Amino acid sequence: MTAPGPSKILSEEKSIGASSEKSPPNATTTPRSIMATIQDDDERLLARIGYKQELKREFTKWSTVSYAISILGVLGSVPATFGSPITAGGPATAVWAWFVGSCMAMCIASSVAELVSAYPTAGGMYFVTKHVVPKEHVAIWAWVIGWCNFLGQAAGVASLAYTIAQLILAGATMNSTFIDDTYSYTPNALQTVLLAILVLCLFGTICSLTTKSLHRIVIWFAPINILASISICIALLILTPNKQSATWVFTHVTDGSGWGSKGFSFFLGFLSVAWTMTDYDGTTHMSEETHDAAIRGPVAIRAAVFVSGVVGWMLTITFCFCLSDLDAIIASPTGLPAAQIFLNAGGRAGGTTMLFFVILVQFFTGCSAMLANARMAYAFARDDAFPFSSFWSRINSLTHTPVNAVWLVVFFCTCLNLIGMGSTQTIVSIFNVTAPALDLSYIAVVVAHIVYAHRVQFIEGPYTLGRWGRPVNAVAITWVVFISTILFFPTTRPVTPENMNYAVCVAAFIALFSLTWWCVGARKKYTGPRTKDLLDAVPSEDPEEGFDRIHDFAA
């Protein structure tokens, strides 16, 4: 698909504006052409949406795709969460839950991609809310969606830092003295939390760089992720003794959850893929720093889900073949089944090397996730949704990036991780709310788009699902409702205070917090995304005619 040049875009806009004077005000075909023609002129598109270009557009097609793949980060996330599906339902549960979950993730990602293509801003799906609900409902919808998205992303960033700390300390355990089936070193909660805070500070330092520097760094994330994943799979399959049979890997299901049902134990296996394959709109939060964001963002989202789905399935199948002793690996003294698989295959040296690449990719994922969370915080703050919003939305004069928003995220995620010092169950519950919080925030916007379609005219972007939109949206909505219910269930039975899944309590707290704040004071001043009348201020190739007609039509 060839993008029209600026001159062609301008002439098309003028012709559309002229014809609109003769067209009925309720016509729906013309507005779609308006958005679809803007592919190379990002600043004018952003001005039409209502925001001034403050960030520098340095992300290219490849760095955008690399960023989208890295924010899913399967090489880091699959080993970190592999214990959940095999403990609940065995190898076949892990394999087929990942396959089904990846297909469903593609449906959600496609629904998200279609909406953000029309309005590529740093706010992502939060901003899209403004254009899918009636004007009188925008404020409350945007408030709830925005907080759900921000807090879900923050929980994800905090969990990534915590997981990296766990992986590093698992490596330290692997390399300590091993006597009588026990390692001489066992990490405690304080060490894990302090290391996680250090990791968060490293995330913040990198995310405070200029957009051009971030582009140069991020562009390497995906190649390292994919190549390391393939290399580890080959090494494990060659080096692991007594590998399991294909029949066992693809058909053996257990009831490890204690719920008395292999079917329900299989459903619990979706925890791994649901936690990994989320944050789809993370790429769109970089839209104001990406060239041709209306096209490249949606394409990168779907490409990332496809590539990550394939690579994640490959890793999961490989790990399952290497489960030479399922019970022993689940009860690994390293505290991480994947680390034990590495150790069994490569010994200390080989296992540590493989674990190093897992940690490295997980670090890439954490940087990408924080970057998205910081841009969301910046977008939310410029709409005056935070206390001291003017400070958090400020653009640094040296880096031309929202550095204040970055360190707001670092501080907030540090507070979340500090909870881990007092209660492991509570911190895990906070992390578990990441996937449902994000996915529900996406689907709420999709549902609003469907419900209010007859009242709110939505101007489509260059990426659309066409006639597949309704069935894809229906599948995505159904899946998110189903998987969110599963994610709130306790993973083992009998349920005790120690193994209770408190994610539902955390989700209820988030809902109560956002609605209470809204009722107490936010509703008096928060009006939703605060766009401005900026189109006429953007220079055109024809200063005599400008954009008067097209601006009147868009308004």
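Computed from a prediction, not measured in an experiment: that's the story for all the values here. Numbers here are sequence positions counted from 1.
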Item to check | Steps toward side-chain hydrogen bond (donor to acceptor under 3.5 Å, both in side chains) verdict (Ser368, Thr365) | outcome: CA-CA 5 Å; Ser368 300; Thr365 303; over 6 Å; no
List the atom of [X], the atom of [Y], and the distance in Å for their closest heavy-atom pair.
| X | Y | answer |
| --- | --- | --- |
| Val406 | Gly204 | CG1-O, 3.5 Å |
| Val138 | Pro529 | CG1-CD, 4.2 Å |
| Cys320 | Val95 | SG-CG2, 3.9 Å |
| Leu336 | Ala80 | CD1-O, 4.1 Å |
| Ala88 | Ser265 | O-CB, 3.1 Å |
| Ile483 | Ala274 | CG1-CB, 4.1 Å |

Do any N or O atoms from the side chain of [X] and from the backbone of [Y] form a donor-acceptor pair under 3.5 angstrom?
| X | Y | answer |
| --- | --- | --- |
| Trp98 | Thr316 | no |
| Ser514 | Ala511 | yes |
| Thr276 | Val273 | no |
| Tyr526 | Asp384 | no |
| Ser117 | Pro298 | no |
| Ser70 | Gly73 | no |
| Thr129 | Ala142 | no |
| Thr516 | Leu512 | yes |
| Arg382 | Tyr378 | no |

Is it true that the side chains of [X] and [Y] contain a donor and an acceptor less than 3.5 Å apart?
| X | Y | result |
| --- | --- | --- |
| Thr464 | Glu114 | no |
| Gln153 | His285 | yes |
| Ser287 | Thr121 | no |
| Ser66 | Trp62 | no |
| Thr278 | Asp439 | yes |
| Arg302 | Ser110 | yes |

Evaluate the ring planes of [X] and [Y], with Trp represented by its six-membered ring, and classify them as parallel (under 30°), tilted (30 to 60°) or perpendicular (over 60°).
| X | Y | answer |
| --- | --- | --- |
| Trp517 | Trp143 | perpendicular |
| Phe99 | Trp313 | tilted |
| Phe386 | Trp147 | perpendicular |
| Phe458 | Tyr119 | perpendicular |
| Phe364 | Phe221 | parallel |
| Phe270 | Phe266 | perpendicular |

Within-4.5 Å side-chain heavy-atom neighbours: [X] and [Y]:
| X | Y | result |
| --- | --- | --- |
| Leu416 | Tyr162 | no |
| Ile86 | Thr93 | no |
| Ile450 | Val447 | no |
| Trp479 | Ile443 | no |
| Val456 | Val133 | no |
| Met277 | Val305 | yes |
| Phe412 | Asn373 | no |
| Met125 | Thr284 | no |

Item to check | Stepwise side-chain contact (heavy atoms from CB on, under 4.5 Å) check, Ile164 with Phe363 | outcome: CA-CA 7 Å; Ile164 290 170; Phe363 186 83; 4.2 Å; yes
Item to check | Step-by-step side-chain contact (heavy atoms from CB on, under 4.5 Å) determination, Phe411 to Leu200 | outcome: CA-CA 9 Å; Phe411 174 76; Leu200 284 171; over 6 Å; no
Next on the checklist: Quick check on ring pair (Phe, Tyr, Trp, His ring centres under 6.0 Å): which of Tyr126, Phe150, Phe127 does Phe380 satisfy it with?
Outcome noted: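 The single option meeting the ring pair (Phe, Tyr, Trp, His ring centres under 6.0 Å) with Phe380 is Tyr126.
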Item to check | Value rounded to 0.5 Å, distance of CD1 in Ile477 from CG in Leu440 | outcome: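 Going from the CD1 atom of Ile477 to the CG atom of Leu440 covers 11.5 Å.
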Next on the checklist: With rounding to the nearest 0.5 angstrom, report the CG to CD1 distance, Leu75 to Ile224.
Outcome noted: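 Taking CG in Leu75 and CD1 in Ile224, the distance rounds to 11.0 Å.
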Checklist entry - Going through the checks in order, is the side-chain contact (heavy atoms from CB on, under 4.5 Å) test met by Ile140 and Trp518? => result CA-CA 8 Å; Ile140 181 62; Trp518 170 261; 3.6 Å; yes
Next on the checklist: One pair to check against side-chain hydrogen bond (donor to acceptor under 3.5 Å, both in side chains): Ser84 and Ser272. What are the steps and the verdict?
Outcome noted: CA-CA 7 Å; Ser84 176; Ser272 176; over 6 Å; no
Next on the checklist: Please determine whether a side-chain nitrogen of the Lys or Arg among Glu136 and Arg455 lies less than 4.0 Å from a carboxylate oxygen of the Asp or Glu.
Outcome noted: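 Judged by the 4.0 Å cut-off on N to carboxylate O distance, Glu136 and Arg455 do form a salt bridge.
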Checklist entry - Is Glu288 paired with Arg375 through a side-chain N to carboxylate O contact shorter than 4.0 Å? => result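 Salt bridge between Arg375 and Glu288, a charged N being under 4.0 Å from a carboxylate O: no.
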Checklist entry - Do Thr81 and Leu271 pass the side-chain contact (heavy atoms from CB on, under 4.5 Å) test, and can you show the C-alpha distance, the side-chain angles, and the key distance before you say yes or no? => result CA-CA 8 Å; Thr81 59; Leu271 291 170; over 6 Å; no
